[in-house]
Amino acid sequence: INNTIQICSTNINIERPSSSGTCGTNCKWLLYDDGYLYIYGTGEMKDYSVNELPEWNEQKDSIESITIEQGITSIGNYAFYQLNNISFQM
């Protein structure tokens with residue numbers, strides 16, 4: 001698997017997520033069993049801290065790829081803290 005993070009404007013149709021939630025006022029996320037984290041919506045992601053990490057961080061060891069849709073204007077602090085199984089490409 002090519003572990004990457006992508007910023008794009010493509011709508012993706014994939015299977016039912018294993019978990020989901022919000023990560024900002026108009027930002028949402030979906031996490032799939034294959035380790036794919038999909039972040040979409042508009043505007044800024046929420047800022048996190050070491051003491052308050054995003055919900056997907058509980059499954060950090062299984063996350064291998066991330067897509068951030070083009071409508072997201074800012075990535076929150078600590079959003080990808082300790083996600084060591086991915087590489088970033090822009």
Side-chain angles (χ1 to χ4, degrees):
I1 293 177
N2 183 11
N3 301 330
T4 61
I5 187 168
Q6 301 174 16
I7 298 178
C8 64
S9 61
T10 304
N11 291 327
I12 300 171
N13 294 321
I14 47 183
E15 295 179 21
R16 185 180 190 107
S18 57
S19 57
S20 63
T22 60
C23 53
T25 303
N26 296 308
C27 304
K28 297 181 180 182
W29 62 273
L30 305 170
L31 181 59
Y32 296 87
D33 288 333
D34 64 356
Y36 175 61
L37 177 62
Y38 178 60
I39 299 172
Y40 66 101
T42 58
E44 299 178 352
M45 287 176 62
K46 177 181 175 179
D47 280 328
Y48 298 94
S49 70
V50 173
N51 297 319
E52 181 192 4
L53 296 171
E55 291 178 60
W56 62 74
N57 195 269
E58 295 172 6
Q59 300 174 55
K60 67 182 177 219
D61 293 334
S62 68
I63 297 173
E64 297 180 353
S65 62
I66 301 170
T67 297
I68 301 172
E69 284 291 323
Q70 194 169 8
I72 303 300
T73 59
S74 175
I75 297 172
N77 293 332
Y78 290 89
F80 306 119
Y81 182 68
Q82 294 184 332
L83 268 65
N84 299 321
N85 294 330
I86 59 171
S87 61
F88 291 87
Q89 287 185 336
M90 300 275 194

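Along the sequence shown, residues carry numbers from 1.
- Remark: M45 CE to N77 CG distance equals 10.0 Å, nearest 0.5 Å.
- Atom-to-atom distance recorded for I75:CD1 and I68:CD1 is 3.5 Å, nearest 0.5 angstrom.
- Without hydrogens or angle criteria, N85 side chain to D61 main chain gives a donor-acceptor distance under 3.5 Å.
- Shortest non-hydrogen contact noted between Y38 and E69 is OH-OE2, 3.1 Å.
- Nearest heavy atoms, E44 versus T73: N-OG1, 3.4 Å.
- Atom CG of D47 is separated from atom SG of C23 by 11.5 Å, given to the nearest 0.5 angstrom.
- The distance from the OG atom of S65 to the CG atom of D34 is 6.5 Å, given to the nearest 0.5 Å.
- Listed by chain and number, the residues in a ring pair (Phe, Tyr, Trp, His ring centres under 6.0 Å) with Y78 are Y81 (sequence neighbours excluded).
- Between G43 and C27, the closest heavy-atom pair is O-SG, 3.8 Å.
- Side-chain contact between F80 and L37: present, with at least one pair of heavy atoms (C-beta onward) separated by less than 4.5 Å.
- Distance alone, capped at 3.5 Å, is enough to place a donor-acceptor pair between the W56 side chain and the A79 backbone.
- Taking K46 as the reference, E52 meet the salt bridge (charged side-chain N to carboxylate O under 4.0 Å, His left out) condition, with sequence neighbours excluded.
- For the 3.5 Å distance criterion, the side chains of Y36 and T67 qualify, holding a donor opposite an acceptor.
- Residues passing the side chain to side chain contact (heavy atoms under 4.5 Å, CB included) test with E55 are W29, sequence neighbours excluded.
- Taken from CD in E64 to CG in L83, the straight-line distance is 11.0 Å, to the nearest 0.5 Å.
- Within a 6.0 Å radius of CD in E58, no more than 12 heavy atoms belonging to other residues, nucleotides or ligands are found.
- With a 4.5 Å cut-off on side-chain heavy atoms, P17 and L31 do not count as touching.
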